[in-house]
Amino acid sequence: MKADFKHKDECRICRSKGLKKILDLGTMPLANAFLKKEELNKPEPAFPLVVYFCETCSLVQLADVVDSSMMFSDYHYLTSASKPLADHFCQLGEEIARRFATNRDDLVVEIGSNDGVLLESIKDKCRVLGVDPAKNVVEIAKKRGVETICDFFGEELAEKIVKKYGHAKAMTANNVMAHVDDLHGVFKGVKKLLADDGVFVFEAHWVGNLIGDGGFDQIYHEHLCYYSLHSLKHMTELLGLKIIDATLVPIHGQSLKVYVAKHGEPSRQVADLLKKEKELRLDRIETYKAFSDKVESNKIKLLKLISGLKAEGKQIAAYGAPAKGNTLLNYFHLNGDTVSFVTDTTPLKQGLYTPGTHIPVLAPEKMNEMLPDYVILLAWNYADAILAKEKALRDKGVKFIIPVPEVRIA
Ligand code: TMP
C-alpha cells in the first residue's frame with residue numbers, strides 16, 4: 001500500500017530536532033475511514049500513531065503526517081449536527097461581532113468554517129467569509145448564504161483574500177488548529193490578513209485536558225497538535241504576534257480560548273493560565289511519561305475485564321462509533337471476534353465496518369433486539385446523557401462498560 005504520509009523530524013513550532021516519543025499507539029487506519037463490506041478483504045491504509053513532545057517549546061504533536069487531502073477533502077463532521085456545539089459557536093460569533101467587528105463593513109474570516117454555523121449567525125451584522133478545504137461542507141455553508149472559499153488557509157490564500165476583500169477586523173478558527181501541519185503558514189497568514197487593530201480568536205483542545213480526564217482516545221491522525229498556552233505563546237512570539245487574552249472553556253472537556261493580536265499587552269488571565277500550566281507541569285516530559293503509563297494501565301484493566309467476561313461466555317457489543325472509539329479499539333486490539341457489533345445514531349456510518357477492527361456498525365434499534373450482556377461505551381464523553389437515555393436497556397440487564405479515563409461498569 002502506498003504510504004501517503006511523511007515523517008517530520010522537527011517541531012512544528014520551534015523547529016527543534018530530537019522530538020521525544022511519549023506514547024506509541026502503533027500503526028492504525030484513519031479514525032474516520034469506515035469500510036464498506038466489499039472493502040473488508042482489501043488492504044487497508046494504516047499509518048503510525050505516535051505522540052511526541054518538544055522539550056524546547058513544549059508542543060505535544062504527531063510527527064507522522066497523513067496526506068491532508070485523505071482526511072479533510074470530504075468531511076463528515078458537521079458543526080450543526082450537535083446542537084450544543086452549534087449554540088456555543090453562535091455565542092462566540094455574537095461575541096466577535098459585538099467586540100471586534102462592530103461596523104456593517106467590517107470583515108470576519110473563519111478558518112475551518114465547516115458548514116457555516118458561526119458565520120451565518122452574524123452575517124447580517126458584518127461581512128463574513130469562510131475558508132474550509134472540504135467541498136461537501138462548503139456546499140452546505142454556501143446554501144446557508146455564507147460565502148466560503150474551498151481551500152486550506154495559509155499565507156498565499158491570506159494575500160488573495162486581502163486583495164479581494166481587504167483586511168479582517170476579526171478572525172476565528174475553532175477545533176481546527178489541532179489539524180494544522182504548517183502552523184507557521186497559518187499564523188503568517190493570520191498576520192497578513194488581520195487588520196492592524198484586528199483580533200484572532202480561536203478555540204483548540206487543551207493538552208491539560210487530554211492528559212487529565214480527556215481520554216487518550218482523542219489522539220488520532222487528524223489531530224496533529226495538542227496545545228498548551230505555553231506552546232502557543234512560543235508560536236506567536238516567533239512571528240511577532242501577541243496573546244492578549246486566554247481562558248479555558250468547557251467544550252470537549254476543557255478547550256483553550258485564545259485571543260491573538262498584532263499589538264497589546266497580555267491580560268491577567270494569560271498569566272494565570274500560564275501559571276496553572278506550570279503547576280500542572282505541562283512543560284515537562286515526565287508529565288507525559290506519567291500519562292503514557294496511565295494509558296497502559298487503562299488498557300491492561302479493560303482487557304482483563306473483557307477477557308474475564310468472554311471466558312464467562314458473555315456477549316459484548318459497543319455503543320457509539322465516534323472517531324476516538326477507533327483509536328481505542330485498534331490500540332486495544334478489540335475486533336469483531338470480541339465485540340460483536342456497535343450501534344451508532346449516524347445513518348452514514350450504519351452498514352459500514354469500523355476501520356482496522358472490522359466491527360459491523362448497526363442502527364441503535366439493534367441494541368434492543370440483540371440485548372448483549374455488556375456494551376463498551378465508546379461515546380463515553382456523553383456517558384451521563386446516554387446512561388439516562390438507555391434506562392430501559394439497562395433495566396433489561398445490559399451493562400455499560402465506560403472504558404476511559406478510568407474503567408468502570410454502570
Ligand atoms: P462525537 O463524540 O465526535 O460527538 O461522536 C459521538 C458518536 O457517537 C457519533 O458517531 C454519534 C454516536 N452517538 C450514538 O450513537 N448515540 C448517542 O446517544 C450519542 C450521544 C452519540
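Whatever order the structure lists ligands and atoms in, that order sets their numbers, starting from 1.
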For [atom], grab the closest protein heavy atom and report residue, atom and distance to one decimal in Å.
{"atom": "atom 3 (O) of ligand 1", "result": "Y77 CE1, 3.7 Å"}
{"atom": "atom 12 (C) of ligand 1", "result": "D344 OD2, 3.2 Å"}
{"atom": "atom 19 (C) of ligand 1", "result": "I386 CD1, 3.9 Å"}
{"atom": "atom 5 (O) of ligand 1", "result": "P322 CB, 3.5 Å"}
{"atom": "atom 4 (O) of ligand 1", "result": "Y382 OH, 2.6 Å"}

Taking only heavy atoms of [X], which atoms of ligand 1 are found under 4.0 Å from at least one of them?
{"X": "Y319", "result": "16 (N), 18 (O)"}
{"X": "K324", "result": "2 (O)"}
{"X": "A379", "result": "8 (O)"}
{"X": "T346", "result": "9 (C), 10 (O), 11 (C)"}
{"X": "K389", "result": "17 (C), 18 (O)"}

> Looking only at atom types and distance, does a side-chain atom of S113 sit under 3.5 Å from a main-chain N or O of G116, one as donor and one as acceptor?
Replying inline: no
> Under 6.0 Å from the six-membered ring centre of Y353 and within 45° of its axis: does the NZ or CZ of K36 meet both?
Replying inline: no
>> Run the salt bridge (Lys or Arg N to Asp or Glu O under 4.0 Å) test against D87 and tell me which residues pass, sequence neighbours left out.
In response: K83
>> For K233, give me all partners under salt bridge (Lys or Arg N to Asp or Glu O under 4.0 Å), at least two apart in sequence or on another chain.
In response: E237
>> As a check for students: among L348, N381, T345, identify the option with a heavy atom nearest to atom 13 (N) of ligand 1.
In response: T345
> Just wondering, more than 12 heavy atoms not from E159 lying within 6.0 Å of its CD?
Replying inline: yes
> Under 4.0 Å between a Lys/Arg side-chain N and an Asp/Glu carboxylate O for K399 and D373?
Replying inline: no
> Under 4.5 Å between any side-chain heavy atoms of Y226 and W206, yes or no?
Replying inline: no
> Can you tell if the side chain of N174 reaches within under 4.5 Å of the side chain of F89, non-hydrogen atoms only?
Replying inline: yes
